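Note that the structure is a prediction, hence the values are computed from the model and not measured. One-based numbering, in listed order, for ligands and for the atoms of each. Values reported hereafter were calculated over all heavy atoms of this structure, with side chains retained and with hydrogens, waters and symmetry mates removed.
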Amino acid sequence: MKLLVDVGNTALKTATLAGDVITLVNEADIPWSEIEEVLIAQVGKGELVAPLIARAQQLAIPYYQAKTSATLGGLTCAYPQFENLGIDRWLTVVACYHLYPQQSCVILDCGTASKIDVLNKAGQHLGGWILPGLDMMISSLVSNTQKVFSDDTSLFLPELGTNTPNAVKNGALVATLGALEYYLSQSDDTPVIVCAGGYGELMQQHLARPSTYNDILVLQGLMYWRKYQQFA
Ligand SMILES: Nc1ncnc2c1ncn2[C@@H]1O[C@H](COP(=O)(O)OP(=O)(O)O)[C@@H](O)[C@H]1O
Ligand SMILES: CC(C)(COP(=O)(O)O)[C@@H](O)C(=O)NCCC(=O)O
Ligand SMILES: [K+]
């Protein structure tokens with residue numbers, strides 16, 4: 001059994017991998033006695049994952065940090081400097097390359113930041129966009145203005161706001177949906193739309209087009225990435 005770890009800038013997600021079955025698990029419930037390898041996708045701070053690494057070292061369990069690459073099998077990375085692409089973004093592309101073979105995909109991964117990445121049916125990552133995540137959009141408005149405020153109760157709706165929290169939260173939603181809609185309006189393709197991340201389900205619910213929500217996309221990418229590695 002392997003341990004998969006997705007270290008974002010807000011949250012750390014952990015799952016076990018047995019065969020090709022990924023099971024999300026709370027950090028406190030990791031079955032360490034059954035773990036024979038730890039695979040880490042890290043874009044967030046090291047202190048989030050340090051306790052896990054320390055435990056693996058203590059138990060002499062090998063651990064590996066996933067890295068982006070120019071190619072992975074038939075998949076190619078859009079960044080000439082591939083090392084600058086967030087490993088989370090790369091792994092969502094790796095996941096979709098395997099989940100939707102020979103199909104074009106647009107990935108909307110909404111976490112601390114919202115990322116859009118595009119993969120064509122030939123397996124070329126075409127690049128994407130990075131936006132402030134919904135919470136970041138809201139907090140930056142509230143902390144940089146005198147009169148803008150939000151709340152924890154208003155919903156995110158694709159409607160005009162009729163009070164300040166609505167205006168702020170609906171604005172964050174439509175700005176993010178708008179980026180995806182902009183890409184789709186410019187594309188002569190009909191890509192598979194895959195939503196991921198903490199706000200992924202919200203996004204998927206407000207998309208007027210067929211789409212899927214995948215809460216383990218980065219972790220699935222980590223599973224596929226592992227198949228291309230030959231560790232000692
Ligand atoms: N149901 C949810 N579960 C987890 N995070 C959520 C949820 N709804 C919204 N969020 C927001 O999603 C973000 C965390 O998403 P995640 O993709 O784990 O982030 P990251 O990978 O950047 O750490 C936070 O901004 C959080 O407020
Ligand atoms: C944009 C990100 C911070 C998103 O991280 P997350 O929202 O998952 O915390 C991450 O993909 C990253 O560090 N990217 C590096 C820059 C780039 O991808 O061009
Ligand atoms: K993430």
Side-chain angles (χ1 to χ4, degrees), residues 4-15 22 24-27 39-50 52 65-70 72 75-96 106-119 125-143 150-158 165 168-173 175-177 179-180 194-207 212-223 225:
L4 306 178
V5 188
D6 171 7
V7 190
N9 283 286
T10 297
L12 180 138
K13 284 72 71 178
T14 45
I22 296 175
L24 285 166
V25 63
N26 292 325
E27 204 172 331
L39 299 170
I40 302 165
Q42 180 177 350
V43 291
K45 286 187 288 232
E47 59 233 31
L48 271 173
V49 69
L52 282 176
Q65 290 270 5
K67 296 290 177 205
T68 54
S69 51
L72 194 72
L75 174 63
T76 57
C77 181
Y79 276 30
Q81 293 173 290
F82 59 83
E83 62 279 359
N84 289 343
L85 178 71
I87 185 62
D88 59 332
R89 294 179 58 194
W90 180 237
L91 292 177
T92 61
V93 171
V94 168
C96 288
V106 58
I107 304 158
L108 176 60
D109 181 355
C110 296
T112 310
S114 294
K115 292 79 70 184
I116 287 176
D117 277 286
V118 177
L119 170 67
H125 172 231
L126 302 181
W129 296 312
I130 303 173
L131 306 174
L134 271 63
D135 289 358
M136 202 184 291
M137 287 186 183
I138 295 162
S139 61
S140 69
L141 268 175
V142 171
S143 55
S150 186
D151 65 24
D152 295 333
T153 52
S154 302
L155 298 177
F156 290 93
L157 295 170
V168 169
K169 295 176 88 167
N170 295 359
L173 176 69
T176 308
L177 288 173
L180 176 62
V194 184
C195 296
Y199 277 115
E201 192 168 22
L202 173 78
M203 289 294 152
Q204 198 268 331
Q205 285 161 356
H206 288 299
L207 277 175
T212 63
Y213 166 60
N214 181 325
D215 66 344
I216 55 167
L217 195 62
V218 172
L219 297 168
Q220 283 177 304
L222 201 46
M223 171 183 73
W225 173 84

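When only non-hydrogen protein atoms are considered, atom 22 (O) of ligand 1 lies nearest to Thr112 OG1, 2.5 Å. At the shortest separation from atom 21 (O) of ligand 1 among protein heavy atoms lies Lys13 NZ, 2.8 Å. In terms of protein heavy-atom proximity, atom 12 (C) of ligand 2 is nearest to Gly86 CA, 3.9 Å. For atom 3 (C) of ligand 2, the closest heavy atom belonging to the protein is Asn9 ND2, 3.5 Å. Summary of contacts: the protein heavy atom closest to atom 11 (C) of ligand 1 is Tyr199 CE1, 3.4 Å. For atom 19 (O) of ligand 2, the closest non-hydrogen atom on the protein side is Tyr79 OH, 2.6 Å.
Contact annotation: the side chain of Cys77 never approaches that of Thr68 to less than 4.5 Å [non-hydrogen atoms, C-beta and beyond]. Residues Trp90 and Ser69 meet the side-chain proximity criterion, which asks for heavy atoms closer than 4.5 Å. Annotation: side chain of Leu177 is in contact with side chain of Met203 (closest heavy-atom distance under 4.5 Å).
Per-residue contacts place Gly197 under 4.0 angstrom from the following atoms of ligand 1 (heavy atoms of the residue considered): 17 (O). Listed by atom number, the atoms of ligand 2 under 4.0 Å from Arg89 heavy atoms are 11 (O), 17 (C), 18 (O), 19 (O). For ligand 2, the atoms lying closer than 4.0 Å to a non-hydrogen atom of Asn84 are 15 (C), 16 (C), 17 (C), 18 (O), 19 (O). Close contacts between ligand 2 and Gly8 involve ligand atoms 9 (O) [criterion: under 4.0 Å to a heavy atom]. Contact atoms of ligand 1 toward Gly8: 20 (P), 21 (O), 23 (O) (distance under 4.0 Å to a heavy atom of the residue). Listed by atom number, the atoms of ligand 2 under 4.0 Å from Lys115 heavy atoms are 4 (C), 6 (P), 7 (O), 8 (O).
The shortest N/O to N/O separation between Asp6 and ligand 1 does not fall below 3.5 Å. Checked by distance only, ligand 1 and Ala11 come closer than 3.5 Å through their nitrogen or oxygen atoms. For the pair Lys115 and ligand 1, the shortest N or O to N or O distance does not fall below 3.5 Å.
Looking at every heavy atom in both residues, Pro165 comes nearest to Asp151 through CB-OD2, 3.4 Å. When every heavy atom of Gly221 is checked against every heavy atom of Ala95, the shortest pair comes out as N-CB, 3.6 Å. Residue Leu119 comes nearest to Cys96 through the heavy atom pair CD2-C, 3.9 Å, listed as atom of the first residue, atom of the second, then distance. Contact detail for Leu91 and Ala66: the closest heavy-atom pair is CD1-CB, 4.3 Å. Across every non-hydrogen atom of Gln220 and Asn214, the tightest pair is OE1-ND2, 2.6 Å. Nearest heavy atoms, Leu52 versus Glu27: CG-OE2, 3.8 Å.
Under the 4.0 angstrom criterion for non-hydrogen atoms, Glu201 is not in contact with ligand 1.
To the nearest 0.5 angstrom, Met136 atom CE is 7.0 Å from Thr10 atom OG1.
Heavy-atom proximity to atom 5 (O) of ligand 2, evaluated over Leu131, Asp88, Asp109, is greatest for Asp88. Checking Gly111, Ala113, Ser114 against atom 7 (O) of ligand 2, the nearest heavy atom belongs to Ala113. Summarising the contacts of atom 2 (C) of ligand 1 with Gly200, Ser139, Gly198, the nearest heavy atom is found in Gly198.
At a heavy-atom distance under 4.0 Å, only side-chain atoms of Asp135, from C-beta outward, approach ligand 1.
The closest donor-acceptor contact from the side chain of Lys169 to the backbone of Leu134 lies at 3.5 Å or more, if one exists at all. In this structure, the side chain of Thr92 does not engage the main chain of Leu217 through any donor-acceptor pair within 3.5 Å.
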